[in-house]
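Let me begin by presenting the structure, written as structure tokens, before commenting on it.
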2 protein chains.
Amino acid sequence: MDKFENVTVVKKANIYFDGKVTSRIVMFPGGEKKTLGIMLPGEYEFGTESKELMEITQGSLDVKLPGSDEWKTITGGESFEVPANSSFSLVVKETTDYCCSYL
Amino acid sequence: MDKFENVTVVKKANIYFDGKVTSRIVMFPGGEKKTLGIMLPGEYEFGTESKELMEITQGSLDVKLPGSDEWKTITGGESFEVPANSSFSLVVKETTDYCCSYL
């Protein structure tokens with residue numbers, strides 16, 4: 001799906017790491033929330049509250065998921081899931097455009 | 001207005017200047033289009049096709065509009081207009097979150 005229809009978009013962006021990571025909140029009629037975000041090249045650590053699905057629309061990054069010592073490369077069209085209440089590490093190699101779903 | 005309701009959001013971001021400027025297309029029921037974007041600190045030159053209203057939600061920049069030699073500082077809550085078919089220069093001093101309307 002290349003666009004989200006009949007949604008609500010919060011005008012103010014979320015800005016992290018001095019603007020190197022930013023996102024927009026998109027709310028769906030059924031109450032679901034997603035964020036559409038951009039990550040510039042760099043190393044980041046994120047924490048989750050709920051389980052998350054990270055879909056990579058464009059770009060390239062390496063992810064190390066909780067409980068693993070392995071780095072996995074994820075590029076445009078691919079995705080990864082992160083359990084609730086955990087943290088994950090990213091090395092963003094190319095500016096990455098993502099869609100995060102809160103499951 | 002802090003959010004846009006009943007809109008369509010294109011999932012894929014527009015990425016310019018190696019990710020230092022990125023935006024999302026938001027389409028309204030009446031056919032109007034806006035972009036919600038982020039500009040990291042830096043110097044940029046942009047061109048317009050239609051007349052544009054640039055509303056700054058967060059951040060700070062200096063703008064030099066067409067036909068002027070003056071730099072004007074614009075911060076969160078302020079806006080500026082750019083005529084159609086012209087170009088304008090920006091010096092972004094703080095990561096800037098903007099909403100561009102095509103008039």
Side-chain angles (χ1 to χ4, degrees), chain A residues 1-44 53-61 75-79 90-101, chain B residues 1-44 53-61 75-79 90-101:
Chain A
M1 192 208 310
D2 59 354
K3 57 187 173 186
F4 298 130
E5 296 180 335
N6 191 28
V7 293
T8 295
V9 179
V10 174
K11 197 170 170 182
K12 189 173 181 182
N14 304 306
I15 298 177
Y16 312 101
F17 300 101
D18 294 328
K20 292 180 73 177
V21 176
T22 58
S23 68
R24 302 276 169 188
I25 295 170
V26 180
M27 296 179 288
F28 291 71
E32 192 200 345
K33 181 186 101 167
K34 295 179 189 283
T35 49
L36 289 172
I38 297 283
M39 297 185 279
L40 265 63
E43 298 187 16
Y44 310 100
L53 167 67
M54 284 283 284
E55 296 170 276
I56 306 308
T57 309
Q58 314 174 60
S60 172
L61 58 81
T75 56
E78 299 175 328
S79 62
L90 294 181
V91 175
V92 175
K93 298 183 292 186
E94 278 171 49
T95 296
T96 292
D97 176 11
Y98 70 86
C99 176
C100 179
S101 303
Chain B
M1 191 209 313
D2 59 357
K3 57 189 171 184
F4 299 130
E5 297 181 333
N6 191 28
V7 293
T8 296
V9 178
V10 174
K11 197 171 171 182
K12 188 173 181 181
N14 304 308
I15 298 178
Y16 311 101
F17 299 103
D18 294 329
K20 292 181 71 178
V21 176
T22 58
S23 67
R24 302 276 171 190
I25 295 170
V26 179
M27 296 179 287
F28 291 71
E32 193 199 345
K33 180 184 103 166
K34 294 180 189 286
T35 49
L36 290 172
I38 297 284
M39 296 185 281
L40 266 63
E43 298 186 18
Y44 308 101
L53 168 66
M54 284 283 285
E55 296 172 273
I56 305 308
T57 308
Q58 311 174 63
S60 173
L61 58 82
T75 58
E78 299 175 329
S79 63
L90 294 180
V91 175
V92 175
K93 298 184 292 187
E94 279 170 46
T95 296
T96 291
D97 176 11
Y98 69 86
C99 176
C100 179
S101 303

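Numbers restart at 1 for each chain; the letters A, B, ... are given by sequence-line order, proteins then strands.
Note that CG of B:L40 and CG of A:L40 are 6.0 Å apart. Values are rounded to the nearest 0.5 Å. In this structure, B:R24 CZ and A:I38 CD1 are separated by 4.5 Å, a value rounded to the nearest 0.5 Å.
In terms of non-hydrogen atom pairs under 4.5 Å with chain B, the most contact-rich of A:T57, A:V9, A:D18 is A:V9. Among the candidates A:T22, A:T96, A:V26, the residue making the largest number of heavy-atom pairs closer than 4.5 Å to chain B is A:T22. Per-residue heavy-atom pair counts under 4.5 Å with chain A were compared for B:P41, B:G76, B:G19, and the maximum is reached by B:G19. When each of A:K20, A:M39, A:E5 is scored by its heavy-atom pairs under 4.5 Å with chain B, the top score falls to A:E5.
For B:E55, the salt bridge (charged side-chain N to carboxylate O under 4.0 Å, His left out) partners at least two apart in sequence or on another chain are A:K11. For A:T95, there are no side chain to side chain donor-acceptor pair (under 3.5 Å) partners, not counting sequence neighbours.
In this structure, the portions of A:L36 lying under 4.5 Å from any heavy atom of chain B include both its backbone and its side chain. With a 4.5 angstrom heavy-atom cutoff, A:Q58 touches chain B only via side-chain atoms. Contacts of A:I15 with chain B are made by side-chain atoms alone, with heavy-atom separations under 4.5 Å and no backbone atom involved. Proximity to chain B (any heavy atom under 4.5 Å) is shown, for A:N6, by both the backbone and the side chain.
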